[in-house]
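A quick note: this is a predicted structure, and the numbers were derived from the prediction, not measured.
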Amino acid sequence: MASYIPSTLEERQEMLRTVGVSSFRELYRDVPAQMYLEQGLNLPDGMSELEVRRQVSAMAAKNHVFPTVLRGAGAYDHYIPSIVRYIPVKEEFLTAYTPYQAEMSQGILQSIFEYQTDICELTGMDVSNASVYDGATAAAEAAAMCGFQVVNIPSAPDGCVDLEALKAVLGEDTAGLMLTNPNTVGIFDENILEITRLVHEAGGLCCYDGANLNAVMGVVRPGDMGFDCVHLNLHKTFATPHGGGWPGAGAVGCKAHLAEFLPKSALMDGGDHIQIRSFAGNFLVVVKALTYILTLGREGIPEAARNAVLNANYLMAKIKGTFEPAFDRICMHEFVLDLSRFKKEIGVSALDVAKTLIDYGMHPPTMYFPMIVHEALMLEPTETESRETLDWAAEVFRQLYALAQEDPAYMHAPPHHAQIGRPDEVQASRNPVVRYQP
């Protein structure tokens, strides 16, 4: 394949003459003069490819990232079970297409169709759409933007939906309920059929937040729980890159009675469907998810879910007796430690423990979430970690528990051995440095 960058100065000059200009500066004639850099960037020059690769590798080794350490946050943020899903998206038969060509390619349309069919089968929906930015397209924030009043339903002492609180707000003006099950504290709500029944009797719809589908995929389906529609983040279940640093993608699905409201996709012909994304969305992210689904298959998908649940319960059982779980019961794919009493008695917070984990070679888990647990550490080892790794992680937590008893002041300062110490997180949040200054 020809290079996109002319290889010689003579070729570049010939191209400029063809365009009708004599210099690159003339190509930017519309840029205001005051916006040009007055001096060159302070970047290295004359480095060989080998030197660049060595520099990048050295910098990467300083990162505290998933491939080199246990990531306690797991699938809630993102996890990487296999590199196999990246292989297809590097092939020219996918990457050579422009977006306009993609919507005319039978192969790409077939991939989208198979993906949407698989999503329907996994979630118990009748139709689905693959072109959305991410699963949160259908979240409660969108409801507020549409003029609905969003009401939060509190949790009961067992960590599940407070049925009496739910009944108190249901009425003829109820539009719907959005819920994830298992919920954020890692518990499968045993009253889920009663919850969806109550909402439906009030005339509302039930929307499933697929953040925790990883725990139940292939075992139970949101559609069978009584949900009318679902939204999924592919990075939380199907091993695609997280949005932000990479293009994000999701899926929305619904029962047949809501199909007319589904966003328009490349597989739909005209009609009044809403189109919220151009073309087929971030198609290569969908290919990664489809590769993941096909790699696991009908037997592998529920096995992955069961192993995720087993790993979480095993790690919780091994930690128990030191830091205590917020809800001492069988969990699904994740569990939450409650350090409220520990902080009150010892003076060591969840943040202190999380930062000290870095010195022990572990990526900190999700901190201070969910907010119903005030000193929360949420752990989700996923199905990809071995028993040996989980034993090591439990031992680290036991060591930190003992260290906090012996020298609580020490734990206010870590990490001691990372590239940087503990930054001022308030200032980092309010005054982030997002621009390189040469």
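Here OH of Tyr360 is found 8.5 Å from NE2 of His417. Values are rounded to the nearest 0.5 Å. One distance of note links CD of Glu385 with CH2 of Trp392; it measures 9.0 Å at 0.5 Å rounding. Atom-to-atom distance recorded for Leu258:CG and Cys229:SG is 6.0 Å, nearest 0.5 angstrom. Rounded to the nearest 0.5 Å, atoms CD1 (Ile358) and NE2 (His363) are 7.5 Å apart. Distance check, rounded to the nearest 0.5 Å: CG of Leu284 to OG1 of Thr240 gives 12.0 Å. Atom SG of Cys331 is separated from atom CE of Met316 by 4.0 Å, given to the nearest 0.5 angstrom.
Each of Asn191, Ile195, Ile192 was checked for a side-chain contact (heavy atoms from CB on, under 4.5 Å) with Asn181, and the lone residue meeting it is Ile192. For the side-chain hydrogen bond (donor to acceptor under 3.5 Å, both in side chains) criterion with His333, the lone passing option out of Asn212, Asn311, Thr382, Asn214 is Asn212.
Between the side chain of Tyr208 and the backbone N or O of Thr180, no donor-acceptor pair lies under 3.5 Å.
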* **Intermediate values then yes/no, salt bridge (Lys or Arg N to Asp or Glu O under 4.0 Å), Arg341 and Glu345** => CA-CA 6 Å; Arg341 181 174 59 84; Glu345 296 176 355; 3.3 Å; yes
* Hey, mind stepping through Arg306 and Glu303 against salt bridge (Lys or Arg N to Asp or Glu O under 4.0 Å) and telling me if it holds? -> CA-CA 5 Å; Arg306 290 191 292 264; Glu303 181 183 1; 5.9 Å; no
* Evaluate the side chain to side chain donor-acceptor pair (under 3.5 Å) criterion for residues Asp352 and Ser349: first the C-alpha distance (whole Å), next the side-chain angles of each, then the deciding distance (0.1 Å), finally the verdict. => CA-CA 5 Å; Asp352 293 332; Ser349 67; 3.2 Å; yes
* Would you please test Gln110 and Gln106 for side chain to side chain donor-acceptor pair (under 3.5 Å) and show each step? => CA-CA 6 Å; Gln110 180 180 346; Gln106 290 302 305; over 6 Å; no
* **Check against side chain to side chain donor-acceptor pair (under 3.5 Å), Asp228 and His200** => CA-CA 10 Å; Asp228 302 282; His200 286 149; 2.7 Å; yes
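Residues Leu290 and Asp118 are in side-chain contact: their nearest non-hydrogen atoms beyond the backbone lie under 4.5 Å apart. Two residues are said to be in side-chain contact when any heavy atoms from C-beta on lie closer than 4.5 Å; Val336 and Pro370 meet this criterion. Contact annotation: the side chain of Leu122 approaches that of Ile293 to within less than 4.5 Å [non-hydrogen atoms, C-beta and beyond]. Contact of the Glu425 side chain with the Leu351 side chain is registered, since non-hydrogen atoms from C-beta on lie closer than 4.5 Å. Proximity of Asn233 to Phe238: side-chain heavy atoms (C-beta onward) are nowhere separated by under 4.5 Å. Looking at heavy atoms from C-beta onward, Leu234 lies in side-chain contact with Tyr115 at the 4.5 angstrom threshold.
In this structure, the ring of Phe342 has its center less than 6.0 angstrom from the ring center of Tyr401.
Summarising the local packing, CD of Glu49 is surrounded by 12 or fewer heavy atoms from other residues, nucleotides or ligands at distances under 6.0 Å. Heavy atoms of other residues, nucleotides or ligands lying less than 6.0 angstrom from NZ of Lys355 number more than 12.
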